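Only one structure is covered here, and it is reproduced in the block below.
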Amino acid sequence: MLLLRKNYLILILSLSPFFAQSQDPELSKIYMEQADQVYAEAKDAIEIAKEIYVQAVEADTNNVRANFMAGRLYLETVNRDYSTKYFERVKRLNPRYKFNIDYLLGRGYQYGLEFEKALKYFQAYKKRLLANKGYRGGDRTGLSIVNERISECLNGMEIIDMPTLYTIENVGESINSAWPDYAPVLNEDETVMIFTSRRQQDNTNENVDSDNFYFEDIFISKRKGVTWDDAKNIGTNINTLYHDSNLYLTRDGKTLYIYSDEGRGDIFYSTENENEEWSKPRPIEGRINSEGFSEQSVCISADGEFMLFASNRPGGFGGFDIYGCYKENGKWMRPFNMGPVINTKYDEDGPYLANDGITLYFSSKGQKGFGGFDVFKTVYNDKDQKWGKPENLGYPVNTVDDEVYFHPSKDGKRGYLASVREEGQGFTDIYMVKYTGNLGQTARSRIVKLQEKENNYVTDEDLKTKQLIDSVLSIAAYQVYFDVNSSMVDQEYEAKLKDMSTFLKGNTNLGVQISAFSSADGNARYNLELSNKRAQAVLQFFVEQGVEEDRLAARGFGVLSGTDDKSRRAEVKILNLADL
């Protein structure tokens, strides 16, 4: 096992601002040597290595390799869009330093949701690739991958233009660690969460795997009130010295399905007894597990009679597909492919059938997404006996990173998933997704009503434009302004918001639509996230004053045209629920 003297490195980082006051190539070289050593020795120190490469850049901004490594490690960790600062400098100092530098720049801008800039660089790289068809260097990115990125950006430009009615909250440090934490599964009343982690603390194996992360173990946490207890290892009856990961927890919380390496990947299950002890896992009965192929992710319907799972067995549409299976006389029957509406030539994973039995959530790399796995929703039509066209849950649920294993709550107002986010504890963290209500469709409906009054015809494409959204905002509303980079509601607005809350509590037929915006200070991702936080801050204020959350809807629209001080605001509108 490789160990790292982190305290020594932290000391270096704490002294670095003192030494890096001016251009110092020799100091930059020292930083580079230290960063190279850290990066080579321990994967868990990638963040530290990144910071040292950044210090090497600060010591000598003309150090091309330092800039490249800083950008590269940003792409490999969090805040991936920050990589563009360093890759732009590489391109300016030495355009031929890396064959695929334009591709890397495109990726950085794609992560920043700046899809137009990303497209420019992807197209430039594609042109270079086609002009050098014989090039086979290690810094070559293939044409098929570039075409995928271009398609993702085109999708992203369309999806991001109308942000969806969800917000994201980190579930907290009692569950998340500085290591990868993912695959949350919960019982029906959301009092038990089981998840997979590669953390060091409480791990069954004190050693690391070949990638220098600790082995996967399954952890459990229980909720008391609104807080989660500190997560604990679920125990050696389930966890081994090697990789163990969970797949699904039954709604009563008594049966846990897990992934086993046997048979190249099979589904096993364990049951909990009255003493809260979990049994030794055993293979799922029936024809679910295949010979020589992998089965991963599983979900069982609320009535216990239908199962969904993902597998790469032969006969699918490509990669991993989602399969269904009915139970007859207590036994799982022959699985069947869920068909081309859901499955694509790429990977599908993480199916979850909601309590209504007709709403299916799943993740896909082949549906209309904007990077990695995106979460989609499809609804079964009993009359047509067909699944509807999958709908991307949009930003901020989905990002350019992977979003897999979405677990909705019984009432559909919440969900849980794992993702890499700027505000995370470390690598992959577990988040709660909150649906902010049907009121969010108000913006669209008010646009239609406004245009109808002017006798104008409005198409669906028109409804996506900023101009029409801006026109809706001309309707009188209470304005809450924010400081630069802030999402805190200032005291000067509290009295008015309290008056509105009192009025709402006395008129239950009314609701509130909150639309928030930002100035153009940051990139697209930052501005959209900031506007979402501002919208949620106002929504939370109303909730704390006793207004029911299902009467409130909040969404961020990112940058709004206008002067900066007037752009940093939230529009608060009281609406008649009967008109919606």
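Remember, predicted model here, so these are calculated numbers, not experimental data.
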So, [X] and [Y], do they make that salt bridge, N to O below 4.0 Å?
{"X": "Asp102", "Y": "Lys91", "answer": "yes"}
{"X": "Glu158", "Y": "Lys368", "answer": "yes"}
{"X": "Asp60", "Y": "Lys29", "answer": "no"}
{"X": "Arg80", "Y": "Asp401", "answer": "yes"}
{"X": "Glu571", "Y": "Arg569", "answer": "yes"}
{"X": "Arg199", "Y": "Asp181", "answer": "yes"}
{"X": "Glu529", "Y": "Arg525", "answer": "yes"}
{"X": "Glu116", "Y": "Lys120", "answer": "no"}
{"X": "Arg421", "Y": "Glu403", "answer": "yes"}

Practice prompt. Using atom types as modelled and distance alone, determine if a side-chain donor or acceptor of Thr61 lies under 3.5 Å from a backbone N or O of Val57.
Written response: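 Judged by distance alone, no pair lies under 3.5 Å.
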Kindly state whether the ring of [X] and the ring of [Y] have centres lying under 6.0 angstrom apart.
{"X": "Tyr111", "Y": "Tyr74", "answer": "no"}
{"X": "Tyr121", "Y": "Tyr109", "answer": "yes"}
{"X": "Trp179", "Y": "Tyr214", "answer": "yes"}
{"X": "Phe68", "Y": "Tyr97", "answer": "yes"}
{"X": "Tyr361", "Y": "Tyr352", "answer": "no"}
{"X": "Tyr53", "Y": "Tyr31", "answer": "no"}
{"X": "Tyr103", "Y": "Phe122", "answer": "yes"}

Item to complete: Check step by step if salt bridge (charged side-chain N to carboxylate O under 4.0 Å, His left out) holds for Arg568 and Asp521.
Response: CA-CA 10 Å; Arg568 306 183 189 106; Asp521 295 333; 3.4 Å; yes
